[in-house]
> 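Let me begin by handing over the structure; questions about it come next.
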Amino acid sequence: MYTQALDIPDSRQAGDLKAVEAPSAQPALQAHFEQKMDADHKIEPRDWMPDAYRKTLVRQISQHAHSEIVGMLPEGNWISRAPSLKRKAILLAKVQDEGGHGLYLYSAAETLGTSRDQMLDALHTGRAKYSSIFNYPTLTWADVGVIGWLVDGAAIMNQIPLCRCSYGPYARAMIRICKEESFHQRQGYESLMVLMQGTPEQRAMVQDAVNRWWWKCLAMFGPPDADSPNSAQGMRWGIKRISNDDLRQKFVDATVPQAQVLGVTLPDPDLKWNEARQHWDYGAIDWDEFWATVNGNGPCNKERLATRVKAHEDGQWVRDAALAHAAKKKEQAMKEAA
Ligand SMILES: [Fe+2]
Ligand SMILES: [Fe+2]
């Protein structure tokens, strides 16, 4: 999934903004880079790029990759409890897709000269951010459908513009990811449609899940434009194409009619069609809660990180075996060549 606040600095990276403003020591290369930006050409791994552009991309793509693999946890929690074999198979495939998204994105970030070990170490030691939406619990089966519909839905809104990102490997990874996210969104919606045709308890379960996730999904688009200092530079570099607030509005406008068809109420008394703006107006987002969660104090931050670290440690034997196998193959190949 899941870019949200991808322009939010990781811990110990507060100096990045200064780096963004630093003038280039290599004016000719800088000019060539700017020309490519103006012509909307892609930047590829071997091209010269300003340090701040590289750092911003490493931060954004690695945050995105971390979000994909941490995002496997809240839904993975329901694989063993899915209500039918069909739902289990769908959920298993979706969670595997998210793992795959993480792998494409770590690979894209590695082309910028940062190793996967470095990125994972930043995640596991709590220095790197991931989407704060995954720091909330999945309390009922309806949460799985709502995550597909709203969380993947918000992710698609955020990610489609990234298919046109100026950095080639990231843009190309996003094309495939968006196709899969689109399926995730539809399966979530379909699952909720089925529940809404069920018993009053099932309908209430869906409404309760919508109530708990709606505002968190709106916050996924990141802080308001006025409080999002990295956004302007991201736009100039062709990394960000549409502002946080514009993306949020597009998401609200697309989702309200879907909620009406589904038969659920979005928990916002200020949600009203604005004829003059031709958009839905919506109420105020609780940014204090958002920042508390981003900064490590959400309900599941510690649990998510501990689960990730344990999974990594438990997988050490697989990495060791793969390295031993590769070394053996290399030795065999050298013997055959001799
Ligand atoms: Fe997804
Ligand atoms: Fe994903």
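We count ligands from 1, going down the list as the structure has it; atoms in each ligand are counted the same way.
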> To check your reading of the site, what angle at the Fe ion (ligand 2) do ND1 of H101 and OE1 of E68 form, to 10°?
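Between ND1 of H101 and OE1 of E68, the angle at the Fe ion (ligand 2) is about 100°.
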> May I ask you to test the E313-V309 pair for a side-chain heavy-atom distance under 4.5 Å?
yes
> Tell me which N, O or S atom from E98 is the closest to the Fe ion (ligand 1).
OE2
> Tell me, do L105 and Y170 make a side-chain contact under 4.5 Å, heavy atoms counted?
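A side-chain contact exists here, since the closest heavy-atom pair is under 4.5 Å.
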> Return yes when at least one N/O/S atom of H184 is nearer than 2.8 Å to the Fe ion (ligand 2), and no when none is.
no
> Restricting to N, O or S atoms of E181, which is nearest to the Fe ion (ligand 1)?
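Considering only N, O and S atoms, E181 comes nearest to the Fe ion (ligand 1) through OE1.
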> Hey, could you give me each pair passing salt bridge (Lys or Arg N to Asp or Glu O under 4.0 Å) that has a residue in residues 169-178? Not counting sequence neighbours.
E44-R172, R176-E180
> Which N, O or S atom name in D152 marks its closest approach to the Fe ion (ligand 1)?
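When I compare the N, O and S atoms of D152, OD2 is nearest to the Fe ion (ligand 1).
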> Under 3.5 Å, is there a donor-acceptor pair linking the side chains of D245 and Q249?
no
> Taking ring-ring contact (aromatic ring centres under 6.0 Å, His included) as the definition, give me every residue that meets it alongside H124, ordered by chain and number, with sequence neighbours left out.
H312
